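Structure first, then comments.
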Amino acid sequence: MKITVIGTGFVGVVSAAVYASFGHQVIGLDIDEKKIQLLAKGQVPFYEPDLQDLLVEQQQKGQLRFTTSYREAIKEAEIIIIAVGTPSAADGTADLRFVFASAQSLAPYLKENAIIVIKSTVPPGTLEKTLAIVKEKTNVHFYGASLPEFLREGSAVYDTLHPDRIVIGTEDDFVFDKLQKLHQTLNAPIIRCKIASAQMAKYTANSYLATRITFINEIANLCERNGADIQEVIQAIGYDKRIGQHYWYPGLGYGGSCFPKDVKELAAYSRSIGEEGNLLNRVNEINENRIFRLLNKFMQETGGFENKTVAVLGLSFKPNTDDTREAPATKIIPFLSQHSAKIRSYDPVAKYIPSGAEVQTQFSSIQETCEGADIIMAVIEWPEILHFDFSKVKTEKLQFFIDCRNQFNAVQIKNWQYHYLGIGKR
Ligand SMILES: NC(=O)c1ccc[n+]([C@@H]2O[C@H](COP(=O)([O-])OP(=O)(O)OC[C@H]3O[C@@H](n4cnc5c(N)ncnc54)[C@H](O)[C@@H]3O)[C@@H](O)[C@H]2O)c1
């Protein structure tokens with residue numbers, strides 16, 4: 001099949017390369033010329049494990065190419081997959097202008113019976129609006145469908161090759177058959193549903209996971225007051241099969257490019273359809289305040305940040321990605337800076353230096369970052385950080401080790417003579 005993926009971000013490049021590996025002819029299209037130039041040379045413009053090799057392999061086989069030209073990318077495409085960004089607008093609603101702009105641009109070149117698929121995360125009603133924009137500019141017959149994406153950054157190639165399910169939102173047999181064929185090499189259940197159900201499924205999955213994190217963070221707050229240990233509580237509840245041991249991450253709150261945005265967007269969507277009191281409004285509010293609540297607590301427990309040197313370890317929003325969108329460090333570093341701390345930071349791949357923050361210096365090793373520090377803040381559990389021997393950097397001056405996601409062995413850290421501060425335990 002001839003497939004075009006519009007938007008070569010995290011989702012677009014991974015999808016394009018994986019569809020190419022199934023033997024389809026794929027074109028990746030973006031308006032960002034720099035990105036396309038890099039991709040055309042076989043270079044992934046961001047860090048994502050396994051993607052570089054897959055990309056180059058498919059380019060060398062002649063299955064995958066990249067362009068900024070809508071004419072070139074659309075004129076022969078049977079399936080057009082829109083994977084552009086859908087950030088939250090200031091009021092929390094999904095900002096759909098990139099989706100609508102891509103619809104405007106593709107319409108003049110559309111081939112008869114092409115299928116326009118929205119893979120971007122969008123609220124119900126968006127596909128209909130997108131197709132209406134296209135219809136105004138073309139006389140050819142075309143179809144639409146929703147194909148939400150569930151991959152996780154950091155394991156995006158693996159997730160795309162081994163999805164838990166494929167969700168296809170369409171009322172049309174022709175569209176379903178074609179999209180089912182596109183995914184038939186994957187050993188995954190294919191769920192056919194209404195367009196609105198597919199879109200709701202995506203928001204629901206992320207909002208549920210974000211709510212689970214918020215829930216355990218709320219319980220962690222109680223544990224900090226009454227002397228219980230949140231990890232022991234998790235272990236105890238996890239034996240209940242309805243609950244399970246997986247996906248409990250008490251910490252500074254959820255971050256990243258998807259959870260905060262998707263919760264905000266679903267909350268805003270609920271308000272827009274008259275469901276003002278929806279739980280997700282509160283989840284979003286609690287999460288936005290959480291990191292500052294904890295930073296204030298750590299500030300008290302360490303005797304204040306003023307003139308202290310803090311080694312901030314982990315700048316991406318989670319391990320195995322260089323994505324710093326809504327990463328905890330993007331709030332921690334300005335907070336520390338406002339409280340007159342000196343900041344030294346480290347991440348194996350991510351770069352984050354806020355403009356005007358000459359107070360922060362990013363180093364190229366953990367060892368160097370911890371030199372002269374008073375406090376270590378272990379923010380993200382990159383394996384390199386998690387397995388580092390912090391006894392090597394312990395000094396008289398360096399007293400505190402803050403484990404922002406309860407990932408470190410507290411007993412070991414205490415044996416190395418640090419004051420260990422975690423989440424949901426004293
Ligand atoms: N990143 C994730 O982990 C993830 C996972 C699942 C779903 N999603 C959803 O997928 C969508 C894409 O996310 P992403 O993280 O890949 O975004 P991204 O910001 O990394 O990439 C979006 C790309 O779209 C391009 N673009 C914008 N307007 C365009 C236009 N008119 N024509 C062509 N290209 C255009 C941008 O230049 C950019 O390269 C979002 O809706 C997101 O919510 C993301």
Side-chain angles (χ1 to χ4, degrees), residues 1-22 24-30 64 70 73-86 94 96 98-107 109-135 137-138 140-151 156 159-160 163 165-186 188 190-203 205:
M1 282 189 243
K2 292 194 170 163
I3 297 163
T4 287
V5 179
I6 304 182
T8 57
F10 286 86
V11 168
V13 180
V14 175
S15 305
V18 168
Y19 288 135
S21 75
F22 296 165
H24 302 295
Q25 284 292 324
V26 183
I27 300 181
L29 168 69
D30 207 291
L64 176 60
Y70 266 89
I74 303 298
K75 64 183 195 306
E76 289 180 16
E78 294 159 69
I79 299 177
I80 298 156
I81 297 174
I82 299 177
V84 298
T86 48
L96 299 169
F98 303 118
V99 175
F100 296 151
S102 62
Q104 292 268 5
S105 308
L106 71 86
Y109 311 112
L110 209 56
K111 177 184 151 97
E112 193 72 22
N113 291 333
I115 304 172
I116 299 170
V117 174
I118 300 190
K119 193 174 249 313
S120 302
T121 304
V122 295
T126 307
L127 181 68
E128 292 78 355
K129 286 184 197 154
T130 307
L131 299 182
I133 291 171
V134 177
K135 206 164 184 184
K137 291 195 149 196
T138 182
V140 305
H141 179 258
F142 60 92
Y143 297 91
S146 168
L147 182 68
E149 179 56 64
F150 296 90
L151 64 75
D159 289 350
T160 310
R165 73 315 212 176
I166 298 293
V167 178
I168 301 175
T170 178
E171 311 271 342
D172 196 294
D173 291 342
F174 167 78
V175 173
F176 179 73
D177 287 349
K178 203 121 180 180
L179 293 179
Q180 188 183 30
K181 271 198 193 103
L182 178 60
H183 298 94
Q184 71 190 2
T185 28
L186 297 169
I190 294 189
I191 293 143
R192 178 179 178 172
C193 59
K194 291 180 184 173
I195 291 159
S197 306
Q199 291 158 334
M200 281 302 291
K202 173 62 200 176
Y203 277 119

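These numbers come from the heavy atoms of this one structure, side chains and all, not from hydrogens, waters or symmetry mates. The residues of the chain are indexed from 1 along the displayed sequence. Remember, predicted model here, so these are calculated numbers, not experimental data.
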Practice prompt. Could you walk me through whether Phe100 and Thr126 pass the side-chain contact (heavy atoms from CB on, under 4.5 Å) test, one step at a time?
Written response: CA-CA 9 Å; Phe100 296 151; Thr126 307; 4.2 Å; yes
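- Shown here for Ile81 and Lys119, the closest heavy-atom pair between the two residues is CG2-CB, 3.7 Å.
- Residues Ile166 and Leu186 form a side-chain contact, since some pair of their non-hydrogen atoms from C-beta on lies under 4.5 Å apart.
- Residues Leu106 and Ile116 meet the side-chain proximity criterion, which asks for heavy atoms closer than 4.5 Å.
- Considering all non-hydrogen atoms of both residues, Lys202 and Pro148 come closest at CB-CB, 3.6 Å.
- By the 4.0 Å N-to-carboxylate-O rule, Glu78 lies too far from Lys2 to be salt-bridged with it.
- Expressed to the nearest 0.5 Å, how far CZ of Phe22 lies from OG1 of Thr185 amounts to 4.0 Å.
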Worksheet item: Would Val117 and Ser146 count as a side-chain contact (heavy atoms from CB on, under 4.5 Å) if you check the C-alpha gap in whole Å, the side-chain angles of each, and the deciding distance to 0.1 Å?
Response: CA-CA 6 Å; Val117 174; Ser146 168; over 6 Å; no
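- Residue Phe10 holds its CZ atom at 13.5 Å from CD of Glu149, rounded to the nearest 0.5 Å.
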Discussion item. Run Tyr19 and Leu64 through side-chain contact (heavy atoms from CB on, under 4.5 Å) and show every step you take.
Written reply: CA-CA 9 Å; Tyr19 288 135; Leu64 176 60; over 6 Å; no
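- The backbone N or O of Phe142 lies less than 3.5 Å from no partner atom in the side chain of Asn113, so there is not a single donor-acceptor pair.
- In this structure, OH in Tyr70 is found 10.5 Å from CD in Gln104, a value given to the nearest 0.5 Å.
- Considering every non-hydrogen atom in both Ala145 and Thr170, the closest pair reads CB-CB, 4.3 Å.
- With contacts defined as side-chain heavy-atom distances shorter than 4.5 Å, the pair Gln199/Pro123 does not qualify.
- Looking at Thr138, its side chain never comes within 3.5 Å of a backbone N or O of Lys135 through a donor-acceptor pair.
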Discussion item. Applying side-chain contact (heavy atoms from CB on, under 4.5 Å) to Ile191 and Ile168, what does each step give before you reach the verdict?
Written reply: CA-CA 6 Å; Ile191 293 143; Ile168 301 175; over 6 Å; no
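- Between Ile79 atom CD1 and Ile3 atom CD1 the span is 5.0 Å, to the nearest 0.5 Å.
- The heavy-atom pair separating Ile195 from Gly169 by the smallest distance is CG1-O, 3.5 Å.
- Note on Arg192 versus Asp177: no salt bridge recorded, every NZ/NE/NH1/NH2 to OD/OE distance being 4.0 Å or above.
- When Ile82, Thr130, Leu127, Thr86 are each tested for a side chain to side chain contact (heavy atoms under 4.5 Å, CB included) with Val122, only one passes: Thr86.
- Of all the heavy atoms in Val84 and Gly7, the pair that sits closest is CG1-CA, 4.1 Å.
- Note: Lys75 NZ to Thr4 OG1 = 10.0 Å, rounded to the nearest 0.5 Å.
- The structure places CG of Leu110 at 11.0 Å from CD1 of Ile115, a figure rounded to the nearest 0.5 Å.
- Between Leu182 and Met1, the shortest heavy-atom distance links the atoms N-CE, 3.7 Å.
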